Amino acid sequence: MTGVAAPPNFMPPGLVQEAHPELFDLRALPVPPEEAKPGQLPQHMIRQFFEEGYVLVPEFFRLEELEPCRQAAERLVEKLAQKLYKGGKIKNLYKEYGFFERLTHIDKEFPGANIILLKYPDLCEEFKKLWTNERLLNVVEQLIGPEINGHPLWNLRTKTPQNEATTVPWHQDSAYLDNECYATLQVAAWIPLLDTTAHNGCMQMVQRGHRTGRIATHQCCDGGTWYVMLDEQEMVKSLGTNLDTDIVTCEVPYGGMLLFNNIIPHRSLINLSNDIRWSFDLRWQKPGLPNGFYGLKEGVLMRTAKDPNFKISWENFDRTVRHKLLRSAAVEEEEDEFDTTVPGPWMKKWEIVHVNHHVDSYRADLARTSEVQ
């Protein structure tokens with residue numbers, strides 16, 4: 001990798017001096033509803049979310065709520081395999097392998113296949129049903145109140161074994177978003193589609209790392225990936241964490257979930273198993289607040305106390321493809337359907353210390369933008 005020196009008086013655009021701890025601690029705890037709703041968590045777990053920055057719910061979903069998502073993900077793998085096969089990128093469809101192995105073999109023959117799958121816009125009905133699960137929204141209501149927007153940043157994670165592109169370094173989620181959302185509480189749910197452990201790449205949280213209410217200085221990009229990264233010493237200095245005592249390994253069984261806010265530092269471990277660690281990232285926030293998606297895509301209203309008979313409309317949300325939106329707005333050409341890069345505006349926020357093909361792709365976008373202006 002090529003190191004890029006920062007210019008004199010360089011101040012990463014992502015670095016802000018203001019802090020909003022009151023938005024992420026117990027002062028933001030909503031008033032509990034008068035009557036409990038199905039699925040809602042006990043108050044001690046809700047308090048942990050605000051006090052520690054996360055809460056692990058080991059049992060929540062029924063198998064019949066998650067199995068359709070597995071089946072839908074299998075369809076996406078089949079769609080990807082057919083696309084690569086017809087495009088001459090792979091010579092085998094690997095149909096003999098199951099859900100937890102097939103993509104690994106595809107990715108070995110065409111490195112970056114898992115990235116293409118990550119960028120698929122397919123928010124199918126099964127995924128929508130999980131995201132808007134009534135019991136799940138009842139929990140989200142405990143955290144942010146009865147007005148709930150689905151955030152445009154959602155992911156189906158395909159953590160293939162021992163793959164740099166699927167091993168996410170320390171970061172705060174808001175480091176990927178624009179500065180306007182730093183004063184907005186966002187709730188993330190990490191929902192695995194199998195039992196997760198340290199061996200197959202579960203998540204780690206830095207408990208109470210959200211207490212300052214600020215975003216630390218990140219860098220870009222981690223190794224050969226598009227990920228921003230948060231240095232451990234920077235975490236200690238800027239966020240007041242103690243890495244000897246504050247790192248928590250969150251092993252989540254199938255049917256459970258991990259809830260956390262948008263500024264707690266976290267990472268995912270490398271997958272040392274032979275199976276793919278499939279999982280969902282889903283997010284919510286209050287409507288009407290900045291979502292941090294650079295003004296490119298609005299969220300989708302999922303619940304409002306103003307209308308008890310409210311029906312979710314996906315039309316506008318489905319119309320825009322988020323990964324294409326993250327490309328330079330002035331780039332007219334269609335993205336190569338086999339492109340394995342993930343460029344995005346977060347690369348302009350932080351000091352670039354590793355240049356790789358993802359960074360080169362973003363710089364090429366910016367250059368084409370300048371040409372047409």
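Side chains included, hydrogens not; waters and symmetry mates left out as well; all remaining heavy atoms used. Positions are given from 1 along the sequence. Because the structure is predicted, anything quoted here is derived from the model rather than measured.
Ring pair Y176/W346 is perpendicular by interplanar angle, where above 60° counts as perpendicular and below 30° as parallel.
Screening D246, I247, L258 against M205 for a side-chain contact (heavy atoms from CB on, under 4.5 Å) leaves a single residue, L258. Between N163 and the options I270, T158, I276, D107, a side-chain contact (heavy atoms from CB on, under 4.5 Å) holds for only D107. Tested against I116, the residues E337, K89, K83 include a single side-chain contact (heavy atoms from CB on, under 4.5 Å) partner, K83.
Under the 4.0 Å criterion applied to side-chain N and carboxylate O atoms, E234 and K237 are assigned as salt-bridge partners. Using a 4.0 Å cut-off between charged nitrogen and carboxylate oxygen, R267 and D222 do not count as a salt-bridge pair. Contact check on R319 versus E315 returns a salt bridge, with a Lys/Arg side-chain nitrogen under 4.0 Å from an Asp/Glu carboxylate oxygen.
Looking only at atom types and distance, the side chain of R135 has no donor-acceptor partner in the side chain of N138 under 3.5 Å away. A side-chain donor from one of Q82 and E78 sits under 3.5 Å from a side-chain acceptor of the other. Checking E65 against N133 by side-chain atom types alone, a donor-acceptor pair falls below 3.5 Å. Side chains of E251 and T196: no donor on one and acceptor on the other come within 3.5 Å. Between the side chains of H210 and D25, no donor-acceptor pair of N or O atoms lies under 3.5 Å.
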Practice problem: Evaluate the criterion side chain to side chain contact (heavy atoms under 4.5 Å, CB included) for residue pair F127 and L76; output intermediate values, then yes/no. | Solution: CA-CA 12 Å; F127 298 170; L76 289 180; 3.9 Å; yes
Practice problem: Would you please test E126 and K129 for salt bridge (Lys or Arg N to Asp or Glu O under 4.0 Å) and show each step? | Solution: CA-CA 5 Å; E126 292 88 344; K129 191 172 182 179; over 6 Å; no
Quiz item: D339 and T341: side-chain hydrogen bond (donor to acceptor under 3.5 Å, both in side chains), yes or no, with the steps?
Solution: CA-CA 6 Å; D339 179 63; T341 62; 2.7 Å; yes
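Under a hydrophobic clustering in which Ile, Leu, Val, Met, Phe, Trp and Tyr are joined whenever their side-chain heavy atoms come within less than 4.5 Å, directly or via other members, V342 and L80 fall into the same cluster. The hydrophobic cluster containing L259 also contains I148, counting ILVMFWY residues as joined when their side-chain heavy atoms lie under 4.5 angstrom apart, directly or transitively. Clustering ILVMFWY residues whenever any of their side-chain heavy atoms sit less than 4.5 angstrom apart, transitively, puts V252 in a cluster other than the one holding F100.
The neighbour count for K286 NZ, taken as heavy atoms of other residues, nucleotides or ligands under 6.0 Å away, does not exceed 12.
A distance of 6.0 Å or more separates the ring centres of H171 and Y227.
L282 has its side chain within reach of I191: a pair of non-hydrogen atoms, C-beta onward, lies under 4.5 Å apart.
Judged by distance alone, with hydrogens and angles left aside, the side-chain atoms of N155 form no donor-acceptor pair with the main-chain N or O of R157 at under 3.5 Å.
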